[in-house]
Each structure stands twice: as C-alpha cells, then as structure tokens.
Amino acid sequence: MILAFDTSGPSVSAALLSQDETLLAALYEDMAKGQAERLMPMVAEVMHEAGADMQDLTRIAVGIGPGNFTGIRIAVSAARGMALALGIPATGVSLLDALTHGTSGPVIATLPAPRGLIYAQGYGGAAPAAPILTDPATLTLGAATVIGPPAEMLLTLAKGGAEAGAKAAPAAFAPASAIARVAHARTPNPAERPSPLYLRPADAAPARNAPPVITG
Amino acid sequence: MTLTLLGIESSCDDTAAAVVRWSEQDGAQILSNHVAGQEALHADFGGVVPEIAARAHTEKLDHMVEAALQGAGLRLKDCDAIAVTSGPGLIGGVLAGVMCAKGLSLASGLPLVGVNHLAGHALTPRLTDGLPFPYLMLLVSGGHCQFLIVHAADRFERLGGTIDDAPGEAFDKIARILGLPQPGGPSVERAALEGDPKAFALPRPLLDRPGCDMSFSGLKTALLRARDGALAADGSLARADQCNLSASFQAAITDVLAAKTKRALAAYAALAPAVPTLAVAGGVAANQTIRAALAAQAESAGVRFTAPPLALCTDNAAMIAWAGLERFRLGESDDLTLSARPRWPLDTAAAPMLGSGKKGAKA
C-alpha cells in the first residue's frame, strides 16, 4: 500500500493506493497557507477512510516540486520522518512527472514559478528533456500537448508566434494520486531519501565590505 | 517512573537530535546527543542564510534522528514521546524539524511535544545539575540575550534583555570587521588575550538606565568607527590594533553583562529562593572573560554560579528532549496541528522587547 502526499503548490493532497493500483482514499484541498498544520491530520483522515493501519504501508511517495520551496520541504520532511519510523522506503516524485503520468506522445508539463517564470519539462520527445525554470516566451511548444496551470497562457503566447498543433490538456490525476501512481511504477529504492527539486539556488549574496588585510 | 524522549532541533544553523532519559531513582541521563553544524555552507555570506539553512536541515534531519537512536541503542518505539523545537527561530528550519517530528509521531503513534527553543536553554541547568526552582538564568547566545527567573518548567519571568542585537551576533560581526575568522566568539576572545582592553574607549550602552534591558547595536557601530580610525592609508589593520580592538570590545560587552547581572541578581534576591543560583547558557557563556565576570557578580551576591558544559550551552537537541520531558511530565503534549513559530516569547506576560509588529514579539 502506497501513501502519497504533496504540498508543493497552493494545495494539500493525500492519497492511498493499493498494490493493484486501486485508489483506496484521497483528499485534496486548495490551501495557500497552513499546509504544515493540515498535512498530517489529512494523512490520518485518508488512512482512516480506507480503514488502513500504518503497518499496512509499504512505501511513502512524496511530491518534491518544483514549486514553493517551503511547501516542498513540509511534505518531504514529513515523508522522511514517516519512512524512518516505519522502516519503509520513501520515493520522491517530481510534480512534472506526476502531471504527465498516463499520457503518451509529445507532452510538456508546466507549473507556475515566481516572477512570471514557469517550470517546464518535455516528455515523449518534446523539449526540454530535463526540468527547467524558464521565461515562458522561450519555450517552443511544437505540436506538444501542454499540461499544467500555465498551459492556456503558453498557448496564447504561442499563437502570437504562429505555432500550430500545440494544445492544452488537463492532468489525468490529482497530484497525490498521480504521485502514488508514478511511485508505484518505479522500483522502490530503500536507500533513497526524497530530496526537493528546487531548480533554483538559494537567494544569497556574498558578504560585501571585504575585511581589512592584517599587517604586523 | 522512567521517561525517554527523542529531541529534535533545527531552529538556526545546527541540525541536532538526542535521546534523554529520566527516572525518579537515577535522575536525568543523556543517552545520545548528535549535532551537525552548517558553518561551511554559510561562510561566504557573513551570516546564516535562512534558505540555505532550511535546505540543509531538510537533507540532514532524518539522518541525525537515526544517529541519535543508534547512539542510544534504542528503537523509536522505545521512546515515550518526541520533542521538537517549534520556535522561535528561522522558520524554514523550524518547519523542517516540526514536520519530521510529526511524520515520526504519526507513523509511530508516539506523542508529540512542541518545545520553545529558549525553554530548552533555560531548563538545561536542571538537566545537568538538577537545579531547583526558582533560579536566575542569563541566556546569552548568537540570537538571544535575556535575564529570566525560571519559576517552573512552564513559567518564565523575563527581567530584561537586549532591545536590538544579541552579543553572539555582535561577536560574529566584529570578527568580520576585524578580519578574524568565524565563528567570531572564540576568535575575538583569542585576539583579545594579546590586546589591551583600555586601548579604545567604547560605550557601555544603557548602563545609565534602570532595569535589565541591554543594547549592543550601537557598540558594534562604535567599534566599526574605532577600527576605521585605526586603519592605515592602504586600508590595512595592524595586528596590535586588531587585538586591542578585540579586547576593548570584549571588555565593553563584559561590563554591560556584569552590571545588568548585578541588577538582575538584586531582583531575584527579593524572591528569597531556597538555593539561590545564577545559571548561564548560550554560546557566549563559553567566553572565559565574560564567564569570570558573571561568576564574580554571583559570588559577591552570595549566589551559586553554574554554567552547563559548552556542548549543552550552544544549540543542541538534548536540551530540547529535556524541556520536552519536563512538559510531558506535567501532562502536556501537542497534536499534529502543532505550528512552527518564528516568534515565541517565553514570558508572554512581559512587554515585548523586540519586533512588536503584527507578527508579534520575537522575544
């Protein structure tokens, strides 16, 4: 039984997936603030709704972003704590992978980023092959299906560039449910510790005013 | 009765986990105490960068918990509860610790106990020396500086504290200004050994005012001016001036802390405590000149002086496990909605000293 949860965007979600890939229970709430307070009670509710015990879990799956740095850390820290306590593996799943789970053909997964930028990754032959943080205007859609909240905005931009063939599509699964399914398709790695996918270094400027040279 | 608590700390730049046990027969015992610092990560930035700290805590916390349990020779289920720093501190790090603890708590069914980081420092003398209440506490570290009368594990009376910077922070900034390595406390102290504390006239802020409040921000600026006055034409600083400036700065901090300690001791004496004791904690308490001046104040007031060993003076998780144990013993714990708090004064009755904005007082 895989328990999955995510707080990397302005929401909290949790899902429980059986070994035969049946969704046993799932909850989703839009939430910009208070995810740290809501996440664990929501996990307990999902477990309760499915009539499952902690001992039934074989794996934890967690959304690692890209997204809100603090939000990512909320879920990743909790997942690592749960995995340690239960002695089961934890699998980190990119939200871009989750968005495109169950799709075929060229697909571009997109998520909003601060300062008008977006996170993007292409699948099924679409570019970019690796996840990036980018200005939406630099993205070439080609004939790909675009998934994710910025999809409509990207298509509007692309029309100006006379790109044909691209279309928008909704994600096939809610975040936690998709994360559980992506994890299910991967071989569990007991040594893995889920790690946030930031795609942007920490904002920090080296100290100004160099110290004096010491003489004598 | 025997209680065993896991403690987790991540409120600044140390990721720590520890296991502490207490029994009526044997008292308190630290079974393990693991701390991983982040100095190297922040070295280029002249201070702790919150986002860098939060990222490092997230990667390190579960490893530290594993190490602490292994060091104690216990499994998680052998513990009675999980204590975690839930504030005050850098919120990203506090959140990572709180969420790790919540994950451990939900998965194991063990109770969760949120701990005020300052209570951890303030209750450490009970972990190390079994001090009875009430005792006078000077908490003096990189982030905090306050006088507290510790009446009970959940009752702290603040007599006063810094209205701006903490001394530890001032030591770090001064070290940088003087071209000394970080962390600033030990390097300024070393340089001061070769310097003349009277070489530069520096202010003793707020000594002319009643009460136990302190200020160190102006002292820092005064030192910068004094240094600029001592710089050679090519912008270099003579080693002798580096030492003299260090000694003069340390003397000013020492004088302020000693004079305010004298006042705090007088207020504390009015309680007529059974075992009058002054305890100090925080990294700055490791400074031998400061420590000697505080001990001298205690001696002349006829009060016992105690300072925990350095490893328990600076940030650690044994103090969090212990403070959690004291709370848990009183029948207190938290549920999974426990919040991480960037600001959380120990004495909620006292007027706020710092940051009285909409987010509330820092300390």
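So you know, we letter chains A, B, ... as the sequences are listed, proteins then strands, and number each from 1.
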Looking only at non-hydrogen atoms, find the nearest pair between A:Leu84 and B:Asp62 and report the distance. CD2-O, 3.6 Å

I need the minimum non-hydrogen distance between A:Pro211 and B:Gly179, along with the two atoms involved. CB-CA, 3.7 Å

Can you tell me if B:Gln70 has over 12 outside heavy atoms packed within less than 6.0 Å of its CD? no

Which atom names give the shortest non-hydrogen contact between B:Leu336 and A:Pro41, and what distance separates them? O-CD, 3.8 Å

Between A:Leu39 and B:Met99, is there a side-chain heavy-atom distance shorter than 4.5 Å? yes

Can you check whether B:Glu59 reaches A:Pro196 side chain to side chain, under 4.5 Å on heavy atoms? yes

Select one option (side chain, backbone, both, neither) describing which atoms of A:Leu3 are under 4.5 Å from chain B's heavy atoms. neither

Do A:Arg73 and B:Glu51 sit within salt-bridge range, that is, some charged N less than 4.0 Å from a carboxylate O? yes

Taking every heavy atom of A:Glu37 against every heavy atom of B:Leu338, the minimum-distance pair comes out as CG-O, 4.4 Å

Contact class of B:Asp44 relative to chain A, heavy atoms under 4.5 angstrom: backbone

Is chain B contacted by the side chain of A:Arg80, its backbone, both, or neither, given a heavy-atom distance below 4.5 Å? both

Is it the case that atom NZ in B:Lys60 sees more than 12 heavy atoms from other parts of the structure closer than 6.0 Å? no

Residue B:Arg75 versus chain A: region with a heavy atom under 4.5 Å: neither

Nearest-0.5 Å distance, CG of residue B:Leu95 to CD of residue A:Gln35: 9.5 Å

Could you tell me which portion of B:His57 (side chain, backbone, both or neither) has an atom closer than 4.5 angstrom to a non-hydrogen atom of chain A? neither

Based on non-hydrogen pairs under 4.5 Å, which of B:Lys102, B:Arg176, B:Glu66 is most in contact with chain A? B:Arg176

Which atoms of A:Met54 are under 4.5 Å from chain B, going by heavy atoms: the side chain, the backbone, both sets, or neither? side chain

So what's closer than 4.5 Å to chain A heavy atoms on B:Ile91: side chain, backbone, both or neither? neither

Against chain B, label A:Ala205 side chain, backbone, both or neither, depending on which of its atoms sit under 4.5 Å from a heavy atom there. backbone

Residue part contacting chain B, namely of A:Ala79, when any heavy atom lies under 4.5 Å: neither

Sort B:Leu237 into side chain, backbone, both or neither according to what part of it lies under 4.5 angstrom from a heavy atom of chain A. both

To check you understand the geometry: which heavy-atom pair defines the closest contact between A:Asp203 and B:Val49, and what is its length? O-CG1, 3.8 Å

Note: vs chain B, highest number of non-hydrogen pairs under 4.5 angstrom among A:Gly216, A:Ala204, A:Ala210 is A:Ala204

Among B:Ile52, B:Leu76, B:Leu178, B:Thr58, single out the residue with the greatest number of heavy-atom pairs under 4.5 Å to chain A. B:Thr58

Chain B contact via A:Asp53 - side chain, backbone, both or neither, heavy atoms under 4.5 Å: neither

Please classify the contact of B:Gln242 with chain A as side chain, backbone, both or neither, using a heavy-atom distance under 4.5 Å. side chain

Answer key: most heavy-atom pairs under 4.5 Å with chain B among A:Pro194, A:Ala83, A:Pro201 is A:Pro201

Drop me the distance from B:Ser108's OG to A:Met82's CE, to the nearest 0.5 angstrom. 9.5 Å

Shortest non-hydrogen contact from B:Gly235 to A:Pro212? O-CB, 3.6 Å

Heavy atoms from other residues, nucleotides or ligands near CZ of A:Arg200 exceed 12 (cutoff 6.0 Å): yes

